[in-house]
Structure formats: C-alpha cells, structure tokens
Amino acid sequence: MKNKRVSVLIAMLATSLVGLVPAGTAEAATGSATIGTIASVTVPWKGSTTVRPIGRVQGNATISSVRFTVKRGANVVARNRASARLSAGTYSVQTAVDYRPFTLSYSTKHVTQRTTVPAYTSLPVTCRVDSVQPDSYVSYFTAVCSGQGFDGSFSSNGYVTPSGDGGWSGSLMLGATAVETSSSDVMTLVGTTFSDEVMTDHDLTRTTTRSVRVSTRHYGRSRTVKRTQRLVIKSQPKPRGCATYAEFQRVKADFANPETYGSSRASVTQILQSAGSRTSYDDFGNQVIEFRRYTACARGAIITVGFENGYAYSKAYMS
C-alpha cells in the first residue's frame, strides 16, 4: 500500500511540472502572419494596374517572403510573384506568406560614456590644501580638488593674507569659499579640507556608466500561411471620343498658377474622352507651351486647351 501511495505522488508531481519553463529558457514562439485582401480597382479603358500581395505580422514574427500566384480561369497570369500587372477581369489569387516567429530574452548591458566638462564650469568640489608658500603678507597655496562631476582631481591655486584676529584668511583664485586658519603660522593650512564651488582653466573628463536593457531574438522554424481570394478588376467605359460642354467646364485652367490649380494633361484626356490632337508646341527650356484640340459632341463646336509644362492654363469652347 505504501509503494502505491509513493507511485501516485510521483505521478502527480510529474504532471504538475509539465509546462514549466526553466529560468533563462525561451518559451515557444507564438508570433504569426496574416494575409490581407487585395482591393478591387477600376482601370481606364484598355488600361491595367499593378497589384501586390499583402502580408502582415501579428505579434513577434518577421516576414521573409510574400508571393502570389494569379490565375484567370485556367490560365496562370503570374506564378510565385511579388507583383503583377493586371487588366480588367476576374482573377483567382493565392497568396503565400513565409514568416518566422520569435521570442525575446532580455539582458543588461553596461555602457560607459565619456564626456568633456568645459573649462570655467562651476563645479562643486572638496579640496585639500597640499602646499603653502609662506610670506609675511601674501602666502600662496595649492589645493587638490575632487568631486562627482568629473574624473580624478585637479590642482587649484589660492592665496591667504593676515586676518584681524592674528590668523590667515583667503580663498582659491577661482573659488568662492573662505580658506582660513586662526593660527599665526600659515603652514597650519596644509592638510585643511573644505568644500567649494570652483572653476578650472582647462577641460576635464567625466565618465559615466549606465545600464541598458538589451533584447535578443530567438527564432523558431520558418512557417507558411496561404489564402485564396477572388479579385475583380473593373474597367471604365469606352471613351465616346467627344466631350460635352458640361465636361469642358470640368477642366480646370489657371493662367497664373497652372501647375497648382490647372488640370493635368492626363486628367484632361480623361475628362474630354480623348487625347486630342496637337495644334502647336513651343519649348523654351524651362517652359513648354502646348495647345491641343479636342472633339466636341455638339456639331460644329471646337474645344482647345493650352498647357504649360503639362498643366492647363487656358481653355476655349467655340461653337
């Protein structure tokens, strides 16, 4: 009976441990990819358009390839291509997206950066008088200063003069804090420490270290997702070859700013139902002037449009 209880306990422990991930081990990659729907478009009469497959990632994944095979009936129009130019018609499009899911692990990286502290920058420091040149009236001293705003230490000079109480008092030449002793012996200043706001006459270096969180990708095996859709490319109606007065009015012409407010030549062709015929052309280097005549639907009417650098700047309807 005891052995049976031990066996059951071991089985329960084994079951409870299933699915636990050891520390530092990447979990299974869960990112994926989806395939978007290629939208139907309308092309000009006897025109075509370029279509491309659409692949998107979901979560942690990268796409390595997005291709499609396009069929029109039983005929293969494009096989395993990244794009295809299609005319009006109904197509069957099978898109395949290859992707690789990944997981992220994180670590800490210590980054060291060195910057320059310009000369004559006011720095909070702690200084220690290192040496004194005694004199009866003005005694000069040298102090060694260090602080958190820069690396190492630097030497700074100062002076003291006799004070009214029989001692000595002064400061660093580029400092602000009083350096003093009550003793008449100026040499007692050696070893004195004091805090100050000091400037240096030369640049200093400051070294800082900061922790940066770094991510590492762990890729899983490559996977493929596929989808088939029906794609309809519509065509505009066949141009009638002539334009009505209402269509003529839709053409925008601006004499002062044709490139900003005038209709383009391609737009005029679409509005007036034909490409027209050229009646004059002048090239002045940075300015091209062209006039084209278009067929009007009304008997005896003539439409002319003037273009500057491909944009309408004048138009006329004569009947």
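Atom set for the values below is all heavy atoms of this structure, side chains included, hydrogens, waters and symmetry mates excluded. Index from 1, following the sequence.
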Check side chain to side chain donor-acceptor pair (under 3.5 Å) between [X] and all other residues, then give those that pass, not counting sequence neighbours.
{"X": "Thr188", "result": "Thr181"}
{"X": "Thr142", "result": "Asn157"}
{"X": "Asn75", "result": "none"}
{"X": "Glu308", "result": "Gln287"}

Residues that Glu247 engages under salt bridge (charged side-chain N to carboxylate O under 4.0 Å, His left out), provided they are two or more places apart | Arg240
Applying salt bridge (charged side-chain N to carboxylate O under 4.0 Å, His left out), name anything that partners Arg278, two or more places apart in sequence or on another chain.
-> Glu290
Residues 42-55, side-chain donor-acceptor partners within the protein, below 3.5 Å, at least two apart:
{"from": "Ser48", "atom 1": "OG", "to": "Arg85", "atom 2": "NE", "distance (Å)": "2.8"}
{"from": "Thr50", "atom 1": "OG1", "to": "Arg85", "atom 2": "NH1", "distance (Å)": "2.6"}

Sequence neighbours excluded, which residues qualify as ring pair (Phe, Tyr, Trp, His ring centres under 6.0 Å) partners of [X]?
{"X": "Phe255", "result": "Tyr313"}
{"X": "Phe194", "result": "none"}
{"X": "Tyr159", "result": "none"}

Here the ring-ring contact (aromatic ring centres under 6.0 Å, His included) pairs for residues 138-158, sequence neighbours left out, are Phe150-Phe154
Applied to residues 174-203, the salt bridge (charged side-chain N to carboxylate O under 4.0 Å, His left out) test, sequence neighbours excluded, yields none
